[in-house]
Amino acid sequence: MKTVLINCSPKKRFCASQYFLFLQKLFTGGKKVSEKLRNQADHARILDQLKDAQTVVFCLPLYVDGVPSHVLRFMEEMETFCRQNDIHLNVYCIANNGFIEGRQNEPLMQIIENFCSRAGLIWGGGVGIGGGVMLNVTRIVFEIQIGLLVLNTVLSVIQTGVLFPKDLWIDFGENALTLLFFNLGALFYFALMGAAIRKGSYLGKKYTRILIPSFIFILFADIFFIIISLFEGGIFRGWLAKKEPAN
Ligand SMILES: Cc1cc2nc3c(=O)[nH]c(=O)nc-3n(C[C@H](O)[C@H](O)[C@H](O)COP(=O)(O)O)c2cc1C
């Protein structure tokens with residue numbers, strides 16, 4: 001059984017969709033092919049992969065309460081391609097958004113469901129994940145923690161000769177479990193989607209989010225975006241800066 005998993009984020013690196021697809025692959029059996037959809041140049045290659053596949057998983061960000069425009073263009077071409085080649089794949093979707101409520105992905109799910117109906121494909125349902133940016137940050141924090149653990153272990157061996165300094169590992173374990181907890185909602189539904197893909201069954205539309213209270217999310221999101229703004233054009237991304245008229 002072949003599953004094509006398409007990362008539909010237009011970002012080149014560090015996108016949340018890549019992280020979620022990595023997790024989904026852990027729960028998906030059979031042959032897995034990873035694809036990246038960023039522009040028109042990717043269409044032919046991905047469509048070719050669909051010819052002998054049974055399942056396709058779209059993993060995409062929510063843009064203005066809908067599907068990003070470059071993905072819509074691909075879906076138009078895929079509709080014609082599937083009709084012409086008599087292809088009837090199972091289609092699943094992982095959508096993530098910046099705000100905290102995963103349910104905001106409902107219109108996007110509806111668009112993919114309508115697409116399936118028009119293209120003669122089998123809609124298998126999907127997972128909508130709120131706080132996608134912040135969950136992606138938990139992955140980056142985890143990678144940094146692994147780096148620090150390795151560094152501190154090396155220092156500990158050099159300074160004291162101890163390979164497993166207990167306090168270091170306890171700290172690492174506590175931090176890792178906290179980050180894991182934030183991701184539990186998404187992991188639960190990825191496991192269910194993996195089972196649905198295996199059986200070719202209908203998952204339904206499931207919604208989850210980063211597992212932290214909303215008031216903490218807002219606080220961290222505000223701090224995060226102020227820092228990002230400072231790096232990308234000044235406070236509020238340069239919205240308040242004097243603009244030169246466009247030619
Ligand atoms: C043009 C644009 C529109 C967006 N619209 C929404 C939106 O309507 N609702 C929302 O919660 N997040 C919105 N976001 C945030 C993205 O959904 C969020 O950053 C997501 O995690 C990006 O996923 P990626 O890293 O896989 O590309 C928007 C982001 C961009 C760049």
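In listed order, ligands and their atoms are each counted from 1. Every heavy atom of this structure was used, including side-chain atoms; hydrogens, water molecules and symmetry mates were not. Residue numbers start at 1 and run along the sequence shown.
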Heavy-atom distance under 4.5 Å between the side chains of F27 and M193, does that happen here? no

Can you tell me which residue pairs pass the side-chain hydrogen bond (donor to acceptor under 3.5 Å, both in side chains) test with a partner in residues 189-199, sequence neighbours excluded? none

Are the side chains of K205 and Q110 in touch, meaning some heavy atoms are under 4.5 Å apart? yes

Counting non-hydrogen protein atoms only, what is the nearest one to atom 5 (N) of ligand 1? Give residue, atom name and distance. V64 N, 2.8 Å

Just jot down the ligand 1 atoms closer than 4.0 angstrom to any heavy atom of S17, in number order. 24 (P), 26 (O)

salt_bridge(R45, D48) N-O dist < 4.0 Å: no

Ligand 1 contact on Q104 by region, counting heavy-atom pairs under 4.0 Å: side chain

Would you say S9 and ligand 1 have an N/O pair spaced under 3.5 Å apart? yes

Decide whether an N or O pair under 3.5 Å exists between L62 and ligand 1. yes

The closest protein heavy-atom partner of atom 8 (O) of ligand 1 is D65 N, 3.0 Å

Angle between ring planes, F20 versus F190, binned at 30° and 60°: parallel, tilted or perpendicular? tilted

Which of the atoms in ligand 1, numbered in the order shown and given with their element, are less than 4.0 Å from a heavy-atom of C15? 24 (P), 25 (O), 26 (O)

Counting C-beta onward and ignoring hydrogens, is there a side-chain heavy-atom pair between L21 and E35 closer than 4.5 Å? no

How close does the nearest protein non-hydrogen atom get to atom 21 (O) of ligand 1, and which residue and atom is it? N96 OD1, 2.5 Å

Whether the side chain of S201 engages the backbone of I197 through a donor-acceptor N/O pair (distance < 3.5 Å, no angle test) should be reported. no

G98 N/O to ligand 1 N/O under 3.5 Å: yes

Hey, does R38 have a side-chain heavy atom less than 4.5 Å from the side chain of K36? yes

Subset of ligand 1 atoms that lie under 4.0 Å from at least one heavy atom of A16: 24 (P), 25 (O), 26 (O)

Hey, quick one: are L135 and L192 part of the same hydrophobic cluster, counting side-chain heavy atoms closer than 4.5 Å, chains of contacts allowed? yes

Can you find an N or O of P61 that's nearer than 3.5 Å to an N or O of ligand 1? no

Counting from 1, what ligand 1 atoms have a heavy atom of V133 closer than 4.0 Å? 18 (C), 19 (O), 21 (O)

Heavy-atom nearest neighbour in the protein, as seen from atom 2 (C) of ligand 1, with distance rounded to 0.1 Å: Y63 CD1, 3.6 Å

